[in-house]
Amino acid sequence: MILSRRLRPSPFEQRAIENGASAFTLYNKMILPLIYESYEIEYEHLCKHVQIWDVACERQVEIVGPDALKLVELITPRDMSKCAVGQCKYAPLCDENGGIINDPIILRLAEDRFWLSIADSDVNLWVKGVAYGRGFDVRVFEPDVSPLAIQGPKADDLVAEVVGEHTRDIKFFWFTDEIIAGTPVKLARSGWSGQGGFEIYLQDSSKGNELWDVFWEAGQKHNLRPGAPNLIERIETGLKSYGQDMTIENNPFEAGLEKYIDISKKAEYMCREALEEVARTGPAKRLVNLVIDGRLEKVMRSDWRVLDSKGTPIGEVTSRVWSPRLGTNIAFAIVQTSHAAVGTKLSVDADGDIHSATVRDARWRSA
Ligand code: THG
């Protein structure tokens, strides 16, 4: 890949590459390191120790001004009046049809100031368009902010040592203002794994190496290693990836995000009618967990169709990985609701190879 200026640099990119990042994806026009040694090795380490992740590609879209709350409420079906200053909410953004535009974590920085910490789609353009169209009194822009994640069961000890003992009291999905490595950051208890940890929002991209280095040095005695959002871990934890497991073609009910919406919230929001209709009729499709039998060597570059017992296509696999611990393939798929019940026997057409598959519940780790 040619690293042109169109591929925006991460402030942590140099450290990630020096430390052996070996496979990357594109995310918000940035490169996201995904593998250092292998998914398996990094999965085992993440579940026992602590890792440092370059997730600068989770860009921020700032909304600030007198109409900021009105605008945030308009674009999400989650009730954002319940988000206090200093708190975060995971909140799908939906268009007028209920289609998911993105699924950011929303941070409330002040009564009239928010960051949308976005997944991979052009939220800045969408939100600027909505604000302009409605004549709202707000400013919408991408600030110089880059998240660095510290994830894993030893993250609390490492962050307490680097930042202070008070960080142990930060509640899940809350954040504080801190100075780390001489630079102001927001420190949130959050992150894209089920192993616990923090995300540090760096507000000056020239300080990437300094921020990485203080955690790197203090982390050595905690067996800190570089890592990344891990495909095995995130499927087991049930974290869905925008663009993969859901797109603008899906509404939050289909994508299994109904926990994160409040369709009868007070504020005006643009997908109210569409989602009320889905709530009435029930979603036509559902995202499910799937076990797929047999070894799957192929990379999923085309649609892997899910078939019913008669061989009729009833959905698609959206993510899959070999779980060494479970000795099988674990996957997400979007299937017709009539075939979404736990225990349903299905099959998967993986580029012509037919594999048996079963819908199952999400409790992978207790399996
Ligand atoms: N960190 C930051 N920004 C991000 C992500 C991240 N933006 C894109 C993407 N990841 C957003 N996706 C998720 C999905 C789920 C969670 C976090 C980010 C998550 N959910 C909790 C849960 O489901 O239990 C809590 C949800 C809540 O209470 O609101 O952690 O990883 N900065």
Side-chain angles (χ1 to χ4, degrees), residues 58-119 121 123-124 126-131 133-140 147 170-176 186 188-192 199 201 237-240 242 245-248 250-283 286-287:
E58 291 161 355
R59 303 312 293 168
Q60 309 306 301
V61 173
E62 179 161 334
I63 302 175
V64 59
D67 291 331
L69 178 61
K70 225 163 54 178
L71 175 54
V72 172
E73 291 277 33
L74 185 64
I75 58 179
T76 179
R78 188 151 195 187
D79 187 351
M80 292 304 297
S81 71
K82 292 192 184 132
C83 185
V85 173
Q87 197 176 9
C88 322
K89 297 275 183 194
Y90 174 53
L93 310 184
C94 298
D95 71 8
E96 72 283 10
N97 304 311
I100 303 171
I101 295 277
N102 197 284
D103 67 330
I105 294 178
I106 302 181
L107 292 78
R108 190 165 198 176
L109 305 168
E111 288 298 327
D112 64 350
R113 184 172 172 228
F114 297 84
W115 281 348
L116 314 181
S117 182
I118 64 172
S121 72
V123 173
N124 190 39
W126 166 252
V127 178
K128 283 173 82 76
V130 173
R134 291 289 293 251
F136 281 160
D137 185 2
V138 288
R139 207 154 70 82
V140 180
I170 298 174
K171 283 180 286 185
F172 183 62
F173 264 55
W174 287 76
F175 63 91
T176 58
K186 314 268 177 225
R189 189 182 288 280
S190 58
W192 217 54
E199 292 181 302
Y201 293 80
T237 295
L239 294 165
K240 292 127 202 167
Y242 187 75
D245 304 307
M246 57 186 139
T247 69
I248 198 165
N250 305 116
N251 62 56
F253 292 98
E254 292 175 356
L257 300 182
E258 55 269 65
K259 249 170 82 180
Y260 309 108
I261 62 177
D262 309 280
I263 60 167
S264 49
K265 75 176 185 178
K266 272 214 196 81
E268 180 193 357
Y269 67 101
M270 88 174 67
C271 61
R272 183 189 298 271
E273 279 172 28
L275 292 192
E276 281 175 350
E277 176 67 16
V278 182
R280 240 190 329 271
T281 58
R286 301 283 313 186
L287 190 141

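Values in this document were obtained by computation on a predicted structure and should not be read as measured data. Position 1 is the first residue of the sequence; numbering continues from there.
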Report, one line per pair, each donor and acceptor closer than 3.5 Å where one atom sits in a side chain of residues 81-92; sequence neighbours left out.
residue: S81; atom: OG; partner: D79; partner atom: OD1; Å: 2.6
residue: Q87; atom: OE1; partner: A84; partner atom: N; Å: 3.0
residue: Y90; atom: OH; partner: D103; partner atom: OD2; Å: 2.5

**OP:** Answer yes or no: is there a side-chain heavy-atom contact under 4.5 Å between I101 and I75?
**Re:**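 They are not in side-chain contact.
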
Subject >> Any side-chain heavy-atom pair of V61 and W126 under 4.5 Å >> reply: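 No, too far: nothing below the 4.5 Å cut-off.
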
Just to verify, what does [X] make a side chain to side chain donor-acceptor pair (under 3.5 Å) with, not counting sequence neighbours?
X   : result
K70 : none
Q60 : S117
T76 : none

**OP:** Show your reasoning for whether side-chain contact (heavy atoms from CB on, under 4.5 Å) applies to V140 and V130.
**Re:** CA-CA 10 Å; V140 180; V130 173; over 6 Å; no

Looking at [atom1] of [X] and [atom2] of [Y], how far apart are the two atoms once the value is rounded to the nearest 0.5 Å?
X    : Y    : atom1 : atom2 : value
N102 : T247 : CG    : OG1   : 12.0 Å
L107 : F173 : CG    : CZ    : 8.5 Å
C271 : E276 : SG    : CD    : 9.5 Å
L275 : R280 : CG    : CZ    : 11.0 Å
L287 : L257 : CG    : CG    : 8.5 Å

If the condition is side-chain contact (heavy atoms from CB on, under 4.5 Å), which residues does [X] pass it with, not counting sequence neighbours?
X    : value
K186 : L109, W115, F175, D177, Y201, Q203
V278 : N251, F253, P283
L69  : E73, M80, R108, F114
D137 : P66, D67

Do you know which two heavy atoms are closest between [X] and [Y], and how far apart they sit?
X    : Y    : answer
A279 : I263 : CB-CD1, 3.7 Å
A68  : V138 : N-CG1, 3.4 Å
L93  : P104 : CG-CD, 3.6 Å
N250 : M246 : OD1-CA, 3.3 Å
G98  : C94  : O-SG, 3.7 Å

Could you pull out all residues at least two apart from [X] that satisfy salt bridge (charged side-chain N to carboxylate O under 4.0 Å, His left out)?
X    : value
D245 : R234
R78  : none
R134 : E268

Could you check whether any side-chain N or O of [X] sits under 3.5 Å from a backbone N or O of [Y], counting only pairs where one atom can act as donor and the other as acceptor?
X    : Y    : answer
Y242 : I100 : yes
Y269 : V72  : no
N97  : G99  : no

**OP:** Sort and list the pairs that fulfil salt bridge (charged side-chain N to carboxylate O under 4.0 Å, His left out) and have at least one residue in residues 250-261, not counting sequence neighbours.
**Re:**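 Those involving residues 250-261 are E258-R286.
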
**OP:** Give a yes or no on whether E273 atom CD has more than 12 heavy-atom contacts from other residues, nucleotides or ligands under 6.0 Å away.
**Re:**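 No, not enclosed.
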
**OP:** With side-chain contact (heavy atoms from CB on, under 4.5 Å) as the test, would you mind laying out the steps for I105 and E199 before giving the verdict?
**Re:** CA-CA 11 Å; I105 294 178; E199 292 181 302; 4.1 Å; yes

